[in-house]
Amino acid sequence: MKEIIKETKLFNFLSDEDKEQLSKSVELITVKRGDYVFRPFDKALYMYIIKTGSMKISMDLSDGREQILYVYKDEDFVGGLNLITSDSYLYNGIALTKCQILKISKDDFLNILMHDEYFLKHMLIQSYLRIRKSEELIDRLSVINGDMKVAKSLIDLANRSGYKKEDGRIVVKHNMNRMELGSFSGVARETLIRKLSHFEDLGLIKLLPKGEIEILNLESLKDLTI
(Lines give C-alpha, C1' and ligand atoms only; values in the text may rest on other atoms or scores of the structure.)
Protein backbone atom coordinates (compact mmCIF):
# COMPACT_ATOMS: atom_id res chain seq x y z
CA MET A 1 0.00 0.00 0.00
CA LYS A 2 2.91 2.37 0.69
CA GLU A 3 3.96 2.18 -2.95
CA ILE A 4 0.41 2.84 -4.19
CA ILE A 5 0.12 5.89 -1.94
CA LYS A 6 3.49 7.11 -3.17
CA GLU A 7 2.43 6.72 -6.83
CA THR A 8 -0.93 8.51 -6.42
CA LYS A 9 -0.64 11.98 -7.94
CA LEU A 10 -3.10 13.53 -5.54
CA PHE A 11 -0.76 12.64 -2.66
CA ASN A 12 2.45 13.90 -4.29
CA PHE A 13 2.99 16.79 -1.90
CA LEU A 14 1.98 15.07 1.32
CA SER A 15 4.64 14.71 3.97
CA ASP A 16 6.22 11.31 4.48
CA GLU A 17 4.45 11.13 7.81
CA ASP A 18 1.03 11.73 6.24
CA LYS A 19 1.73 9.20 3.49
CA GLU A 20 2.70 6.67 6.14
CA GLN A 21 -0.53 7.33 8.01
CA LEU A 22 -2.63 6.95 4.86
CA SER A 23 -0.90 3.70 3.95
CA LYS A 24 -2.13 2.21 7.23
CA SER A 25 -5.78 3.21 6.83
CA VAL A 26 -6.59 3.59 3.12
CA GLU A 27 -8.32 0.60 1.54
CA LEU A 28 -7.76 -0.62 -2.03
CA ILE A 29 -10.83 -2.34 -3.47
CA THR A 30 -11.43 -4.10 -6.78
CA VAL A 31 -14.83 -3.81 -8.48
CA LYS A 32 -16.10 -5.49 -11.64
CA ARG A 33 -17.81 -3.83 -14.59
CA GLY A 34 -21.39 -3.06 -13.60
CA ASP A 35 -20.70 -3.04 -9.85
CA TYR A 36 -22.03 -0.08 -7.86
CA VAL A 37 -19.49 1.93 -5.90
CA PHE A 38 -22.28 4.09 -4.48
CA ARG A 39 -25.99 4.75 -5.07
CA PRO A 40 -28.30 7.75 -4.60
CA PHE A 41 -28.92 8.57 -0.93
CA ASP A 42 -25.91 6.57 0.27
CA LYS A 43 -24.15 8.49 3.01
CA ALA A 44 -20.84 9.98 1.89
CA LEU A 45 -18.42 8.13 4.15
CA TYR A 46 -15.48 7.86 1.75
CA MET A 47 -13.62 9.68 -0.96
CA TYR A 48 -12.76 7.43 -3.89
CA ILE A 49 -9.70 7.67 -6.14
CA ILE A 50 -9.69 5.54 -9.28
CA LYS A 51 -6.30 3.90 -9.66
CA THR A 52 -7.10 1.81 -12.74
CA GLY A 53 -10.19 1.49 -14.91
CA SER A 54 -13.11 3.86 -15.43
CA MET A 55 -16.37 4.68 -13.66
CA LYS A 56 -19.58 6.32 -14.85
CA ILE A 57 -21.62 8.76 -12.79
CA SER A 58 -25.26 8.50 -13.81
CA MET A 59 -28.80 9.29 -12.75
CA ASP A 60 -32.02 7.37 -13.27
CA LEU A 61 -34.58 9.39 -15.21
CA SER A 62 -38.30 9.33 -14.41
CA ASP A 63 -39.03 7.23 -17.52
CA GLY A 64 -36.58 4.53 -16.41
CA ARG A 65 -33.71 5.52 -18.69
CA GLU A 66 -30.19 6.09 -17.50
CA GLN A 67 -28.47 9.41 -18.14
CA ILE A 68 -24.68 9.27 -17.90
CA LEU A 69 -23.33 12.55 -16.56
CA TYR A 70 -19.59 11.97 -16.30
CA VAL A 71 -17.00 9.32 -16.99
CA TYR A 72 -14.03 9.22 -14.61
CA LYS A 73 -10.80 7.29 -15.11
CA ASP A 74 -7.27 6.80 -13.71
CA GLU A 75 -6.37 9.26 -10.92
CA ASP A 76 -9.80 10.96 -10.93
CA PHE A 77 -11.50 11.28 -7.55
CA VAL A 78 -15.13 11.20 -6.47
CA GLY A 79 -16.78 12.25 -3.24
CA GLY A 80 -14.42 14.87 -1.82
CA LEU A 81 -16.99 17.66 -1.85
CA ASN A 82 -19.63 15.34 -0.39
CA LEU A 83 -17.41 14.76 2.63
CA ILE A 84 -16.98 18.50 3.15
CA THR A 85 -20.71 19.22 2.99
CA SER A 86 -21.81 15.91 4.59
CA ASP A 87 -24.22 15.45 1.68
CA SER A 88 -25.43 12.03 0.62
CA TYR A 89 -24.72 10.91 -2.93
CA LEU A 90 -27.30 11.99 -5.50
CA TYR A 91 -26.14 9.79 -8.38
CA ASN A 92 -24.97 6.29 -9.20
CA GLY A 93 -21.27 5.49 -9.29
CA ILE A 94 -20.89 2.36 -11.45
CA ALA A 95 -17.74 0.69 -12.77
CA LEU A 96 -17.47 0.78 -16.56
CA THR A 97 -14.52 -1.58 -16.44
CA LYS A 98 -12.78 -3.62 -13.81
CA CYS A 99 -11.48 -0.95 -11.43
CA GLN A 100 -9.06 -0.64 -8.58
CA ILE A 101 -10.22 2.13 -6.28
CA LEU A 102 -8.73 3.73 -3.19
CA LYS A 103 -11.21 4.37 -0.37
CA ILE A 104 -10.22 7.27 1.88
CA SER A 105 -12.21 7.59 5.09
CA LYS A 106 -13.85 10.83 6.14
CA ASP A 107 -11.48 11.08 9.12
CA ASP A 108 -8.38 10.80 6.89
CA PHE A 109 -9.89 13.25 4.43
CA LEU A 110 -10.58 15.89 7.10
CA ASN A 111 -7.51 15.33 9.27
CA ILE A 112 -4.85 14.79 6.61
CA LEU A 113 -5.87 15.82 3.11
CA MET A 114 -7.74 18.99 4.02
CA HIS A 115 -4.56 20.37 5.58
CA ASP A 116 -2.54 19.95 2.39
CA GLU A 117 -2.39 23.05 0.19
CA TYR A 118 -1.66 21.11 -3.01
CA PHE A 119 -4.59 18.77 -2.45
CA LEU A 120 -6.99 21.65 -1.82
CA LYS A 121 -5.78 23.48 -4.94
CA HIS A 122 -6.15 20.36 -7.07
CA MET A 123 -9.66 19.71 -5.73
CA LEU A 124 -10.71 23.29 -6.49
CA ILE A 125 -9.36 23.02 -10.05
CA GLN A 126 -11.17 19.73 -10.61
CA SER A 127 -14.38 21.16 -9.17
CA TYR A 128 -14.14 24.07 -11.60
CA LEU A 129 -13.53 21.73 -14.54
CA ARG A 130 -16.53 19.63 -13.52
CA ILE A 131 -18.72 22.72 -13.49
CA ARG A 132 -17.58 23.38 -17.05
CA LYS A 133 -18.38 19.77 -17.93
CA SER A 134 -21.84 20.23 -16.43
CA GLU A 135 -22.35 23.27 -18.67
CA GLU A 136 -21.28 21.22 -21.70
CA LEU A 137 -23.66 18.45 -20.65
CA ILE A 138 -26.58 20.88 -20.41
CA ASP A 139 -25.68 22.26 -23.83
CA ARG A 140 -25.47 18.78 -25.34
CA LEU A 141 -28.75 17.55 -23.88
CA SER A 142 -30.66 20.73 -24.69
CA VAL A 143 -30.17 20.51 -28.46
CA ILE A 144 -32.78 18.59 -30.44
CA ASN A 145 -30.64 17.65 -33.43
CA GLY A 146 -29.30 14.10 -33.05
CA ASP A 147 -26.24 14.80 -35.21
CA MET A 148 -25.24 17.64 -32.88
CA LYS A 149 -25.73 15.53 -29.74
CA VAL A 150 -23.57 12.67 -30.99
CA ALA A 151 -20.94 14.95 -32.52
CA LYS A 152 -20.63 16.94 -29.28
CA SER A 153 -20.26 13.70 -27.33
CA LEU A 154 -17.52 12.38 -29.62
CA ILE A 155 -15.63 15.67 -29.36
CA ASP A 156 -15.97 15.61 -25.57
CA LEU A 157 -14.68 12.04 -25.41
CA ALA A 158 -11.85 12.84 -27.82
CA ASN A 159 -10.73 15.69 -25.57
CA ARG A 160 -11.15 13.60 -22.44
CA SER A 161 -9.91 10.13 -23.34
CA GLY A 162 -8.62 10.26 -26.90
CA TYR A 163 -5.04 9.49 -27.86
CA LYS A 164 -3.25 10.61 -31.00
CA LYS A 165 -1.78 8.15 -33.45
CA GLU A 166 1.41 8.90 -35.34
CA ASP A 167 -0.60 10.19 -38.31
CA GLY A 168 -2.40 12.67 -36.05
CA ARG A 169 -5.73 10.89 -36.00
CA ILE A 170 -7.45 10.55 -32.64
CA VAL A 171 -8.66 7.24 -31.26
CA VAL A 172 -11.32 7.35 -28.54
CA LYS A 173 -11.37 4.47 -26.07
CA HIS A 174 -14.49 5.12 -24.01
CA ASN A 175 -15.29 1.69 -22.44
CA MET A 176 -19.03 2.17 -23.00
CA ASN A 177 -21.35 -0.11 -24.92
CA ARG A 178 -23.69 1.40 -27.49
CA MET A 179 -26.53 1.84 -25.00
CA GLU A 180 -24.23 3.62 -22.55
CA LEU A 181 -22.74 5.78 -25.27
CA GLY A 182 -26.27 6.70 -26.33
CA SER A 183 -27.08 7.58 -22.72
CA PHE A 184 -23.97 9.75 -22.54
CA SER A 185 -25.01 11.50 -25.77
CA GLY A 186 -28.64 11.93 -24.76
CA VAL A 187 -30.06 9.77 -27.57
CA ALA A 188 -31.53 6.29 -27.81
CA ARG A 189 -29.26 3.36 -28.63
CA GLU A 190 -30.82 2.95 -32.07
CA THR A 191 -30.35 6.64 -32.86
CA LEU A 192 -26.72 6.49 -31.78
CA ILE A 193 -26.03 3.50 -34.02
CA ARG A 194 -27.58 5.28 -37.00
CA LYS A 195 -25.62 8.48 -36.37
CA LEU A 196 -22.30 6.66 -35.96
CA SER A 197 -22.93 4.78 -39.20
CA HIS A 198 -23.84 8.05 -40.93
CA PHE A 199 -20.67 9.76 -39.64
CA GLU A 200 -18.62 6.81 -40.87
CA ASP A 201 -20.22 7.06 -44.33
CA LEU A 202 -19.30 10.76 -44.37
CA GLY A 203 -15.67 9.89 -43.61
CA LEU A 204 -15.70 11.68 -40.24
CA ILE A 205 -15.02 8.63 -38.08
CA LYS A 206 -14.06 4.99 -38.33
CA LEU A 207 -15.63 2.39 -36.05
CA LEU A 208 -12.95 0.10 -34.64
CA PRO A 209 -13.08 -3.25 -32.82
CA LYS A 210 -13.95 -3.30 -29.09
CA GLY A 211 -16.07 -0.17 -29.46
CA GLU A 212 -13.20 2.24 -30.08
CA ILE A 213 -13.82 5.14 -32.47
CA GLU A 214 -11.20 6.80 -34.65
CA ILE A 215 -11.79 10.47 -35.38
CA LEU A 216 -10.79 11.03 -39.02
CA ASN A 217 -11.93 14.63 -39.42
CA LEU A 218 -12.29 16.51 -36.15
CA GLU A 219 -12.91 19.89 -37.76
CA SER A 220 -15.81 18.59 -39.86
CA LEU A 221 -17.21 16.93 -36.76
CA LYS A 222 -17.05 20.29 -34.99
CA ASP A 223 -18.91 21.88 -37.92
CA LEU A 224 -21.89 19.67 -37.08
CA THR A 225 -22.15 21.30 -33.65
CA ILE A 226 -22.56 24.84 -34.93
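The basis for the numbers below is simple: all heavy atoms, side chains too, and nothing from hydrogens, waters or symmetry mates. Everything quoted here is computed from the prediction, not taken from an experiment.
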Residues Leu61, Glu66; criterion side chain to side chain contact (heavy atoms under 4.5 Å, CB included); working and verdict: CA-CA 6 Å; Leu61 302 179; Glu66 176 190 47; over 6 Å; no
Pair Thr30-Lys98, side chain to side chain donor-acceptor pair (under 3.5 Å): steps then yes or no: CA-CA 7 Å; Thr30 299; Lys98 180 180 178 180; over 6 Å; no
Between Leu207 and Ile205, is the side chain to side chain contact (heavy atoms under 4.5 Å, CB included) condition met? List the steps. CA-CA 7 Å; Leu207 301 178; Ile205 65 172; 3.8 Å; yes
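When every heavy atom of Lys9 is checked against every heavy atom of Glu75, the shortest pair comes out as N-OE1, 3.2 Å. Looking at every heavy atom in both residues, Ala158 comes nearest to Val172 through CA-CG2, 3.7 Å. Among all heavy-atom pairs drawn from Ser58 and Ile68, the shortest one is CB-CA, 4.0 Å.
Relative orientation of the His122 and Tyr118 rings is parallel, given thresholds of 30° and 60° on the angle between their planes. Under the 30°/60° scheme for interplanar angles, the aromatic rings of Tyr89 and Phe38 are found to lie parallel.
Between Asp107 and Ser105, the side chains place no donor N or O within less than 3.5 Å of an acceptor N or O (distance only, hydrogens not considered). Looking at Ser54 and Asn175, their side chains do bring a donor and an acceptor atom within 3.5 Å of each other. A donor and an acceptor atom, one from each side chain of Ser153 and Arg140, are located under 3.5 Å apart. Counting only N and O atoms by type, the side chains of Lys73 and Thr52 include no donor and acceptor under 3.5 Å apart.
No more than 12 heavy atoms of other residues, nucleotides or ligands lie within 6.0 Å of CD in Glu117, so this atom counts as exposed by the packing criterion. For Asp16, the CG atom counts as loosely surrounded, since its 6.0 Å shell holds 12 or fewer non-hydrogen atoms of other residues, nucleotides or ligands. The environment of Met148 atom CE is dense: over 12 non-hydrogen atoms of other residues, nucleotides or ligands sit within 6.0 angstrom. Counting non-hydrogen atoms of neighbouring residues, nucleotides and ligands closer than 6.0 angstrom, the NZ atom of Lys19 exceeds 12 such neighbours. Within a 6.0 Å sphere centred on CZ of Arg33, heavy atoms belonging to other residues, nucleotides or ligands number more than 12.
With respect to Asp156, the salt bridge (charged side-chain N to carboxylate O under 4.0 Å, His left out) criterion is satisfied by exactly one of Lys222, Lys149, Lys133: Lys133.
There is a path of hydrophobic side-chain contacts, each under 4.5 Å, that joins Phe11 to Ile112. Hydrophobic cluster membership differs between Ile170 and Leu208, with clusters built from Ile, Leu, Val, Met, Phe, Trp and Tyr side chains linked at under 4.5 angstrom.
In this structure, CG on Leu224 lies 6.0 Å from CG on Leu204, to the nearest 0.5 angstrom.
Taking the centre of each ring, Tyr91 and Phe41 stay at or above the 6.0 Å mark.
A cation-pi arrangement is not found for Arg194 relative to Phe199, the charged atom failing to lie both closer than 6.0 Å to the ring centre and inside a 45° cone about the ring normal.
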